[in-house]
> 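Can you read through this structure? Questions will come right after.
Since this is a predicted model, take the numbers as computed values, not measurements.
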Amino acid sequence: MSAEGHSSAHSVPVTLLVVALLCALLLTAAHPHATAVPAEGRDDGMSVLRRAAAAEDEVAYSGVREVTGPEGTEGRRLNVRVVNRPGEGLAMAPVGDEDSTLVISPSSALESLDDRLLRMLRDTYDVSGAGTAVLEGRETLLVEAERADGTVAGRFWVDTATGLLLGRTVYEADGEPALSVRLTGLELEVGDWPEGESGDSPWGDTLTVGERDGLRDEGWPLPEYLDWNLRLVDARSTEYAGHRVVHAVYSDGLSQVSVFTQRGKLDTEHSPTLRNGYVGTGAGGGSVTTQHGTIFGGDAGQYQSMWQANGFVYTVLADAPAGLASSAVTALPGPGSGFWARVHRGLSRLGLL
Amino acid sequence: MDHLGERLSALIDGELGPVEHESALIHLAKCESCRFEADMMRRLKRRLHGLCEPEPDMDFMGRLTSLSRDPGGHSGHGPSDPPPGGAGFGARPPLGSSRPLGGFPGDGGALSAETVPAPDTAPTEPAARPDRRRIGSDRIAHLFPAFPAFPGGRYAVAGFAVATALLGSAFVAGGDSEEAPVVEPPLADYAVEHAVTSRYIPVVDAPPPTTAEAPPTTAEAPHGSVETTR
């Protein structure tokens, strides 16, 4: 026969091979990592954490909140004086810089957010009681949040007497503590309240499900998930100079990632480096991600990043382990400027991706 | 007894009304000549329907014919040897290319052996078609000398053209939108909003690391400074 006959005879196994490879690729990509699944369990520790959340609205106290970042991070500790007054709010100020006081007013929005965070924690991890422990001379109930593979993702220390949350630690996947918070010098009395502070509340314009869908239809990037365990738990918006800014909160129940999105582009002279003294560091001094420039690690395990992509400017602030912050950032549209990045952006705009 | 006549044709075509259709069927049951005529008309109609089917592509038939006449074949038959069981597939001229009934004008109307093309001489016209394809391939090879001529090159070139058009469209569509305003995100406000929802001190307003030096000796991570009992 002719060469065409031979080519058609060869094309059949080649086609089958390509189809098989594509199927294998899709199946591999769709199959999550063994630990990237919600942990099943009785979640018998949730009642302790709910009590701790309620105690914040019932117990007046003051003390010093010690925030500790990842090991090896310069300036990994931050001490914050906190004063809690039920009905008036929570006042926080860095020790030695009391002029920079932030007062958070109580609001139904925050209570609702607390409920959603607790549900997210329950859905993502196996939250169980792990006995009792002594912290700062006080007896506490220890609650652990475990991943599906049995490793500990977070621990909570809840004061047995008052129900207050005295300590909390979030761990990286390798078991290293990423962010630890403990309440020291606890005094169960009304502390000095910063007079003259009006207090802050979350942005008032809560985005309903329908409004979120409407924004997505208009091209706003507002994904429900940034990672398998990083789910959208709250979305709000406000306006600056007549332009909408959307604040999306993603959480796994242990950490929070805030994504601020607004239409526009950054000034060409805008340099994301050396902002507020942060010098492009992540955990251990290295950059957290390279796809979106550098995530700037602040003190005590806090991260921020800002970039532009597809006509939007993104600002990410995270109180999360470096791995989680990195996965959150990389899940959002990247600021690629090369040929293929532009082609990819164009395919997205044409609806082909 | 009156025969169906023209109504017979209407019956075959299904154009009779219910009453006439019923009476015609009753007549057919009784009349053998009408029944015979109806049977013939049905057969004729089937034949006519068969003629309306689409004819095979002349180009396709021509290529098949040229393949069957490939002298390098390994069938063991000579190019003029008829294949077993009669003429091979493609050896006959394509449908529609045979002489019409009654012959061509001027050939005397005789169905002689000379007028029926022999298997080895008939497909001169269809065999010329693949040459046109080869000419096209040669043109492609001439346009792209770096690429050797290979079967299906036309499809490769077409695919390349489609991919180029797609990439070009995506590149144009992926350009920066000039109408996007230049913005300076109010980072301090964002930090406060984040702090309110997370109940943590604002990240950007945190003091420089020097303020956090010399932490208290008790400022170890909670998990490292507690006694745990289960």
Side-chain angles (χ1 to χ4, degrees), chain A residues 2-4 7 66 68 74-75 77-78 80 90 92 94 96-97 100 102 104 113 130-135 142 155 157 167 169 177 180 182 184 200-203 234 240 247 249 256 258 260 262-265 267 276-277 298-299 302 304 306 311 313 315 317 319 342-343 345-347 349-350, chain B residues 63 66-67 70 73 150-152 166-177 179-213 215-216 218-230:
Chain A
S2 67
E4 290 185 11
S7 66
E66 297 178 356
T68 307
E74 186 181 358
R77 290 195 177 92
L78 177 66
V80 180
L90 175 70
M92 300 186 296
D97 187 19
S100 302
L102 173 69
I104 301 174
L113 178 58
T132 58
V134 177
L135 182 66
L142 178 59
R155 285 194 174 98
W157 288 263
T169 298
S180 295
R182 69 184 300 184
T184 62
D200 290 286
S201 298
W203 292 347
D234 192 46
Y240 283 94
H247 175 207
V249 179
Q256 272 187 240
S258 288
F260 297 89
Q262 60 192 122
R263 283 194 185 277
K265 58 185 178 184
D267 193 345
N276 298 286
D299 294 334
Q302 296 171 315
Q304 57 172 307
M306 184 189 299
V313 173
T315 305
L317 304 178
D319 294 304
R342 181 168 172 173
V343 168
R345 189 163 59 242
L347 291 174
R349 288 178 181 173
L350 294 173
Chain B
R63 279 188 290 152
S66 65
L67 292 178
D70 184 5
F150 61 96
L166 184 62
L167 287 178
S169 303
F171 185 80
V172 172
D176 291 332
S177 51
E179 66 275 11
V182 174
V183 296
E184 179 69 25
L187 198 54
D189 292 348
Y190 292 175
V192 170
E193 168 71 5
H194 173 68
V196 169
T197 54
S198 65
R199 265 60 64 92
Y200 277 96
I201 202 70
V203 61
V204 295
D205 287 342
T210 53
T211 61
E213 291 179 354
T218 56
E220 298 294 327
H223 67 281
S225 62
V226 297
E227 304 164 12
T228 303
T229 57
R230 287 179 181 267

> Are B/His194 and A/Val249 packed together at the side-chain level, in the sense that at least one heavy-atom pair is separated by less than 4.5 angstrom?
no

> With a 4.5 Å heavy-atom cut-off, do B/Val196 and A/Trp203 have their side chains touching?
no

> Does any backbone or side-chain atom of A/Gln262 lie under 4.5 Å from a heavy atom of chain B? Answer side chain, backbone, both or neither.
side chain

> For the CZ atom of B/Arg199 and the CD1 atom of A/Ile104, what is their distance to the nearest 0.5 Å?
6.5 Å

> With rounding to the nearest 0.5 Å, note down the distance linking CG in A/Leu113 to OG in B/Ser198.
9.5 Å

> Heavy-atom distance under 4.5 Å between the side chains of B/Thr197 and A/His247, does that happen here?
yes

> Flag the pair A/Ser258 / B/Tyr190 as yes when at least one side-chain heavy-atom distance between them is below 4.5 Å, and no otherwise.
no

> Mind ranking B/Gly168, B/Ser169, B/Pro186 by heavy-atom pairs under 4.5 Å with chain A and telling me who comes out on top?
B/Pro186

> Pick one of side chain, backbone, both or neither for A/Leu347, based on which atoms fall under 4.5 Å of a heavy atom in chain B.
both

